[in-house]
Amino acid sequence: MRSGFALAILLLSGLAATPVVAQPAVELKLLSEHPVDGMRGGNLSGLALCGKELWTVSDRDDDQIYRLDTRADTWQAEAVKLDVPPVPESGLPWGLRARTTAASVIRGGDLDFEGISCDAAGNRYIVSEAHAAVLQVPATGAPQWLKIAPGMVREARASGLLLHFNALFEGLAINPEGNQIWLAAERERRGLISIKRGQSVWDCDGPCVLLSEAGQEMQPAQFPGAKAVSKDFSDLALFNGKLFTLERNVFQICRRDSVTAKIEQCWSYADDALVPHRRYPQSYGLAEALLIDAEGAWIGIDNNFGARADGEKRPMVYRFAAPAGGWGAQP
């Protein structure tokens, strides 16, 4: 039943094949920027606030995550070692897993951590893109992989998600109670998935796939040589019961309904992120970390050790002010 439902979604949403020019979004205002020192593997790929502590991950480091010391303008990443158990079988096909293994030998990072989130009890949850799995790092005790029903990956793939190498899960968010997780599938097709904690496994409550869509959108006019690019998600945050998606190729954050994944409002960060001295030479966006709070948004840049125009090579975190009236306000 789930696979049939997912296939219906795929067929109905397959019309989104041509570039879409989005309406101009309200621009967010940059308040500060913070280089990050001390990340062994660079590649900052997620942000989470646990109590008063800010945490991040690198997609090149399998054995550690980072607590961020934010007392100075330049932040210091403090490594916290992990003893990660063997990864469980997720249902991904052999071909995808083999390519992941081969890539990890070259670049490092077999687990490919791409997002981090926290519940109210201080447990951290980290998504492994390479294995479509979620690692729980409890406030006390040893890390463990969540037991996720294999039907989640099957339904996602039947909906056109998780089909391509290096285009799997790119972000996650968990509710404060720690019993529901949302996962963001990156691109070609991008999508949003929800699972809930049961008595023994995490499983879908109704359909797993909340959204599956293809198509293209135009890069913002501030981007040099702007062109139509594939729709993507690069991180996910939950705030006041709403999902916020980081859509890096079009330099925007969108608020979405947490049940239907329908867009309610979007905000652009292109004006300040794309001033000449902050530009990177890549032809696509590099933002891979999102954290939303009442005062604003933290956006982290995974620059893969590449320098931006002013020569800065360290991972960067930008602080943007919340829109006038807050994140629930309409324009």
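All residue numbers in this chain count up from 1 along the given sequence.
- There is no path of hydrophobic side-chain contacts, each under 4.5 Å, that joins Leu238 to Leu49.
- The backbone N or O of Cys208 lies less than 3.5 Å from a partner atom in the side chain of Glu155, making a donor-acceptor pair.
- Residues satisfying the ring-ring contact (aromatic ring centres under 6.0 Å, His included) criterion with Trp145, sequence neighbours excluded, are absent altogether.
- Atoms CG and CG, on Asp235 and Leu172 in that order, are 8.0 Å from each other to the nearest 0.5 Å.
- Placement of Val317 and Phe113 in two distinct hydrophobic clusters is found when ILVMFWY residues are connected by side-chain heavy-atom separations under 4.5 Å, directly or transitively.
- The minimum heavy-atom distance between Asn43 and Ser45, with the atom names listed, is O-OG, 2.8 Å.
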Verdict with supporting geometry, Val137 and Val80, side chain to side chain contact (heavy atoms under 4.5 Å, CB included) = CA-CA 11 Å; Val137 182; Val80 175; over 6 Å; no
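- For the residue pair Glu27 and Ser268, a side-chain donor N or O sits within less than 3.5 Å of a side-chain acceptor on the partner.
- In this structure, the ring of Phe320 has its center no less than 6.0 angstrom from the ring center of Trp298.
- Residue pairs that meet the side chain to side chain donor-acceptor pair (under 3.5 Å) test with at least one member in residues 192-201, sequence neighbours left out, are Gln180-Ser194, Lys196-Asp205.
- Residues meeting the side chain to side chain contact (heavy atoms under 4.5 Å, CB included) test with Leu146, sequence neighbours left out: Tyr125, Val134, Gln136, Ile148, Ile181, Trp202.
- Of all non-hydrogen atoms in Ala237 and Ala173, the two that sit nearest each other are C-CB, 4.0 Å.
- Under a hydrophobic clustering in which Ile, Leu, Val, Met, Phe, Trp and Tyr are joined whenever their side-chain heavy atoms come within less than 4.5 Å, directly or via other members, Ile292 and Val26 fall into the same cluster.
- Looking at Leu47, Ile253, Leu30 one by one, the single match for side-chain contact (heavy atoms from CB on, under 4.5 Å) with Ile299 turns out to be Ile253.
- For Leu162 against Ala156, the heavy-atom pair with the smallest separation is CD1-CB, 3.7 Å.
- With no hydrogens or angles considered, a side-chain donor-acceptor pair links Thr245 and Arg256 at under 3.5 Å.
- Remark: Trp182 engages no residue in a ring-ring contact (aromatic ring centres under 6.0 Å, His included) (not counting sequence neighbours).
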Residues Arg124, Ser117; criterion side chain to side chain contact (heavy atoms under 4.5 Å, CB included); working and verdict: CA-CA 6 Å; Arg124 290 142 294 176; Ser117 186; over 6 Å; no
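- Contacts classified as salt bridge (Lys or Arg N to Asp or Glu O under 4.0 Å) and involving residues 179-188 (residues at least two apart or in different chains) are given here: Glu186-Arg248.
- Hydrophobic clustering of Ile, Leu, Val, Met, Phe, Trp and Tyr side chains at less than 4.5 Å, counting indirect connections, keeps Phe239 apart from Leu291.
- With sequence neighbours excluded, no residue satisfies salt bridge (charged side-chain N to carboxylate O under 4.0 Å, His left out) with Lys52.
- The closest side-chain heavy-atom distance from Lys231 to Glu247 is not below 4.5 Å.
- Between Phe169 and Phe233, the closest side-chain pair of non-hydrogen atoms is not below 4.5 Å.
- A heavy-atom distance below 4.5 Å is found between the side chains of Val84 and Leu111.
- Between Asp110 and Arg60 there is no salt bridge, since none of the side-chain N atoms of the basic residue sits less than 4.0 Å from a carboxylate O of the acidic one.
- Remark: Arg67 engages Glu53, Glu78 in a salt bridge (charged side-chain N to carboxylate O under 4.0 Å, His left out) (not counting sequence neighbours).
- The ring-ring contact (aromatic ring centres under 6.0 Å, His included) check on Phe251 picks up Phe223, Tyr269, with sequence neighbours excluded.
- For Glu295, there are no salt bridge (charged side-chain N to carboxylate O under 4.0 Å, His left out) partners two or more places apart in sequence or in a different chain.
- The distance from atom OG of Ser234 to atom CG of Asn249, rounded to the nearest 0.5 Å, is 8.0 Å.
- Side-chain N or O atoms of Glu89 include one that pairs as donor or acceptor with a backbone N or O of Gly91 at under 3.5 Å.
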- prompt: Stepwise, does the side chain to side chain contact (heavy atoms under 4.5 Å, CB included) test hold for Gln222 with Asp271?
  reply: CA-CA 7 Å; Gln222 302 92 325; Asp271 268 1; 2.5 Å; yes
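- Rounded to the nearest 0.5 Å, atoms CG (Leu286) and OH (Tyr280) are 7.0 Å apart.
- Think of Val201 as one node in a network of Ile, Leu, Val, Met, Phe, Trp and Tyr side chains linked at under 4.5 Å; it has no links at all.
- Distance CG/Leu68 to CD1/Ile65: 10.5 Å, rounded to 0.5 Å.
- The two residues Ser212 and Ser159 make their nearest non-hydrogen contact at OG-O, 2.6 Å.
- For the pair Asp232 and Arg190, the salt-bridge criterion is not met [side-chain N within less than 4.0 Å of a carboxylate O].
- Here the CG-CG distance, from Asp272 to Leu28, works out to 9.0 Å after rounding to the nearest 0.5 Å.
- With a 4.5 Å cut-off between side-chain heavy atoms of Ile, Leu, Val, Met, Phe, Trp and Tyr, the cluster of Leu31 takes in none.
- To the nearest 0.5 Å, the span separating CG on Leu44 from CG on Asn304 amounts to 12.5 Å.
- Under the 4.0 Å criterion applied to side-chain N and carboxylate O atoms, Glu33 and Arg308 are assigned as salt-bridge partners.
- Nearest heavy atoms, Ala132 versus Ser90: O-CB, 3.9 Å.
- Side chain of Gln219 to main chain of Lys227: a donor-acceptor pair is present (N/O by atom type, distance under 3.5 Å, no hydrogens or angles).
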List the steps, then state whether side chain to side chain contact (heavy atoms under 4.5 Å, CB included) holds for Arg189 with Leu163.
CA-CA 8 Å; Arg189 307 171 63 95; Leu163 298 182; over 6 Å; no
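- Of the residues Asp69, Thr56, Leu54, the one that meets the side-chain contact (heavy atoms from CB on, under 4.5 Å) test with Trp75 is Leu54.
- Taking every heavy atom of both residues into account, Tyr66 and Ala77 meet most closely at CD2-CB, 3.7 Å.
- Note: the hydrophobic cluster containing Leu168 also contains Met152 (ILVMFWY, side chain heavy atoms under 4.5 Å, direct or indirect links).
- With salt bridges taken as basic N to acidic carboxylate O contacts below 4.0 Å, one links Arg40 and Asp63.
- Neither side chain, Asn179 nor Glu177, offers a donor N or O lying under 3.5 Å from an acceptor on the other.
- A search for salt bridge (charged side-chain N to carboxylate O under 4.0 Å, His left out) contacts involving Asp83 returns nothing, not counting sequence neighbours.
- Between Pro315 and Met39, some side-chain heavy-atom pair lies under the 4.5 Å cut-off.
- For the pair Asp37 and Arg314, the salt-bridge criterion is met [side-chain N within less than 4.0 Å of a carboxylate O].
- Using a cut-off of 4.0 Å between Lys/Arg side-chain N and Asp/Glu carboxylate O, Glu264 and Arg255 are scored as salt-bridged.
- Residues Glu312 and Arg279 are not paired through a salt bridge, judged by the lack of any N-O separation under 4.0 Å between the basic side chain and the carboxylate.
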